[in-house]
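Convention: sequence-line order gives letters A, B, ...; per-chain numbering from 1.
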Number of protein chains: 2
Amino acid sequence: MRSAPHDGPVSVLDRILAILDTVREAHGATTITRIALATGIPKSTVSRLVGDLVRQRYLMRAEDGVVIGLRLFELGVRASTPRRLGLAALPVLAELFNATGEHLNVAVQEGPDMLSVISVRGRLRPVPSRAGVRVPSITTALGKAVLAFTEDESALAGVMTGIDRYRRRPFERELAAIRMEWVAIDRCETFPGVVGVASPVLSPERVPVAAISVAGPVSDMDANRMMPLVRHAALALTHRLASQVA
Amino acid sequence: MRSAPHDGPVSVLDRILAILDTVREAHGATTITRIALATGIPKSTVSRLVGDLVRQRYLMRAEDGVVIGLRLFELGVRASTPRRLGLAALPVLAELFNATGEHLNVAVQEGPDMLSVISVRGRLRPVPSRAGVRVPSITTALGKAVLAFTEDESALAGVMTGIDRYRRRPFERELAAIRMEWVAIDRCETFPGVVGVASPVLSPERVPVAAISVAGPVSDMDANRMMPLVRHAALALTHRLASQVA
DNA sequence: GGCGGCTGGTCCATTCAGTGGAACGCGGTC
DNA sequence: GACCGCGTTCCACTGAATGGACCAGCCGCC
């Protein structure tokens with residue numbers, strides 16, 4: 001029974017998911033009123049649904065509002081892709097960290113972003129990204145490494161719409177160079193003072209399924225020195241994933 | 001519109017959560033038919049709800065069925081308790097690992113279980129428990145460490161129902177000893193050949209909010225040697241959490 | 001090749017789970 | 001004391017959700 005016209009979702013499922021996403025995006029606690037505003041769902045409905053989610057431990061009440069609960073933690077650690085990828089990546093990351101001492105990431109494509117599934121802390125402070133955090137595909141080395149090897153034109157076109165018209169050509173030239181060198185660079189495009197170097201991780205069908213990167217301070221990290229190390233790590237991870245499937 | 005009487009949940013919210021839990025409990029992929037059997041929800045309803053959850057990336061289709069998707073990974077890493085606890089625990093665990101080289105866990109109470117929120121791999125193979133995994137409170141050192149300092153009679157009574165009548169007294173005596181010594185032991189009660197040593201982590205109100213443990217092979221790990229180390233780690237974590245709140 | 005069994009998806013007449021404005025209680029501020 | 005904002009609860013009403021029936025596809029067996 002939905003009476004007055006509201007802007008938000010109508011189905012119960014969409015409403016629950018919208019509430020969970022709003023709490024996630026809050027980066028800390030949020031209130032019933034704020035969730036209602038953000039989602040367009042009436043306040044009393046939000047109150048009721050949040051009450052149910054708290055009862056089942058999907059959400060939890062804290063001092064200053066509602067936060068993500070333990071049940072979602074239990075579900076999250078069992079997410080298929082991060083689990084498989086993280087497991088395969090552990091020894092590769094250990095070796096890459098020994099060689100570089102810098103901040104490492106393995107990430108997968110998620111819509112217009114790259115989503116980090118596992119990271120290792122290096123020198124950088126504040127940490128630019130860690131597991132569960134999204135970074136834009138078109139500016140990061142991680143994203144460019146995957147885009148360069150993406151053959152699905154519609155997926156490419158979807159990401160390209162975020163690029164200015166006059167920046168299209170240079171971007172396509174950059175992707176072509178990445179395909180030649182097997183390595184992508186982000187020179188302070190995403191995070192000020194941070195340079196990133198990444199290579200793609202491919203499936204047996206030569207489809208990019210992830211990317212692995214090293215990031216460090218631009219004043220101090222030699223991107224050229226990192227390139228062969230990252231390439232090698234990506235290749236190692238590609239092979240580990242292939243034998244995981246078999 | 002629910003027509004024929006079914007055993008399963010009736011509300012959309014309960015059904016969605018039942019489906020997610022069934023997929024979590026599958027420890028890999030599961031099928032629409034299996035979810036329907038496990039939840040008591042009609043197959044066509046499961047098919048429809050799973051379709052929606054896949055569209056929103058809460059679930060994902062794999063070769064052999066349905067698995068947990070990336071969205072739940074993104075939500076899970078933002079779960080409030082594991083995040084706070086994990087962050088505070090990192091340096092403490094690093095120090096404890098340096099001193100012991102054994103398998104470490106920090107866990108919180110969740111119903112009748114202890115839920116690991118962060119772990120460090122030591123010598124043990126297979127790994128007895130890791131982040132996101134539940135272990136029974138009444139047999140593990142982690143659980144006993146928390147129960148010994150739990151003053152809420154109803155919470156205690158809820159857990160005690162899992163204990164045989166004639167084992168009640170000895171268990172209560174064990175809890176009393178833990179309160180004297182500030183350390184709990186699990187001598188192969190939970191995992192064969194594995195001994196665990198744990199101490200509680202308290203809130204400023206002296207309420208046990210977590211526990212920290214060391215586990216190793218009974219043939220090789222000296223529980224007595226571990227006791228002061230674990231006590232010290234729990235105290236350090238207790239203090240770190242207290243200053244996190246302030 | 002035909003058959004049977006199993007799976008997952010789609011349809012739509014039916015119905016009851018879900019609704020949200022209104023009212024309420026509480027706490028904080030002036 | 002009045003006002004404001006928050007979160008909760010209620011219940012007459014209704015439209016979102018339903019699930020049995022049917023379908024297509026796949027697999028294994030004779």
Rounded distance (Å) that lies between atom [atom2] of [N] and atom [atom1] of [X]:
{"X": "A:Asp52", "N": "C:dA17", "atom1": "CG", "atom2": "P", "value": "14 Å"}
{"X": "A:Leu53", "N": "D:dG7", "atom1": "CG", "atom2": "C1'", "value": "16 Å"}
{"X": "B:Leu13", "N": "C:dG18", "atom1": "CG", "atom2": "P", "value": "8 Å"}
{"X": "B:Leu49", "N": "C:dG9", "atom1": "CG", "atom2": "P", "value": "12 Å"}
{"X": "B:Arg48", "N": "D:dT18", "atom1": "CZ", "atom2": "C1'", "value": "6 Å"}
{"X": "A:Arg55", "N": "D:dT8", "atom1": "CZ", "atom2": "C1'", "value": "11 Å"}

*Are any of the side-chain heavy atoms of A:Asp21 and B:Arg71 separated by less than 4.5 Å?*
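With C-beta onward as the side chain, the pair touches.
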Could you run down the sub-3.5 Å N/O contacts of the protein with nucleotides 4-8 of chain C?
| unit_1 | atom_1 | unit_2 | atom_2 | d |
| --- | --- | --- | --- | --- |
| C:dG8 | OP1 | B:Ile32 | N | 3.2 |
| C:dG8 | OP2 | B:Thr33 | N | 2.8 |
| C:dG8 | OP2 | B:Thr33 | OG1 | 2.3 |
| C:dG8 | N7 | B:Lys43 | NZ | 3.0 |

*Using a strict 4.0 Å threshold on nitrogen-to-oxygen distance, state whether B:Glu110 and A:Arg57 make a salt bridge.*
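Judged by the 4.0 Å cut-off on N to carboxylate O distance, B:Glu110 and A:Arg57 do form a salt bridge.
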*Would you call A:Arg206 and A:Glu151 a salt bridge, taking side-chain N to carboxylate O under 4.0 Å as the test?*
no
*In Å, rounded to the nearest 0.5 Å, how long is the span from NZ of B:Lys43 to OG1 of B:Thr33?*
5.0 Å
_For a quick test of reading the model: is some side-chain N or O of B:Thr45 closer than 4.0 Å to OP1 or OP2 of D:dG19?_
yes
*Please state whether the phosphate of D:dA17, meaning OP1 or OP2, lies under 4.0 angstrom from any side-chain nitrogen or oxygen of B:Arg15.*
no
*Looking only at N and O atoms, is any donor in the side chain of B:Ser44 or the base of D:dG20 less than 3.5 Å from an acceptor on the other one?*
yes
*asked:* Does B:Arg130 have more than 12 heavy atoms from other residues, nucleotides or ligands lying within 6.0 Å of its CZ?
replied: no
_Among residues at least two apart in sequence or on other chains, which ones pass ring-ring contact (aromatic ring centres under 6.0 Å, His included) with B:Phe149?_
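B:Phe149: ring-ring contact (aromatic ring centres under 6.0 Å, His included) contacts with B:Trp182.
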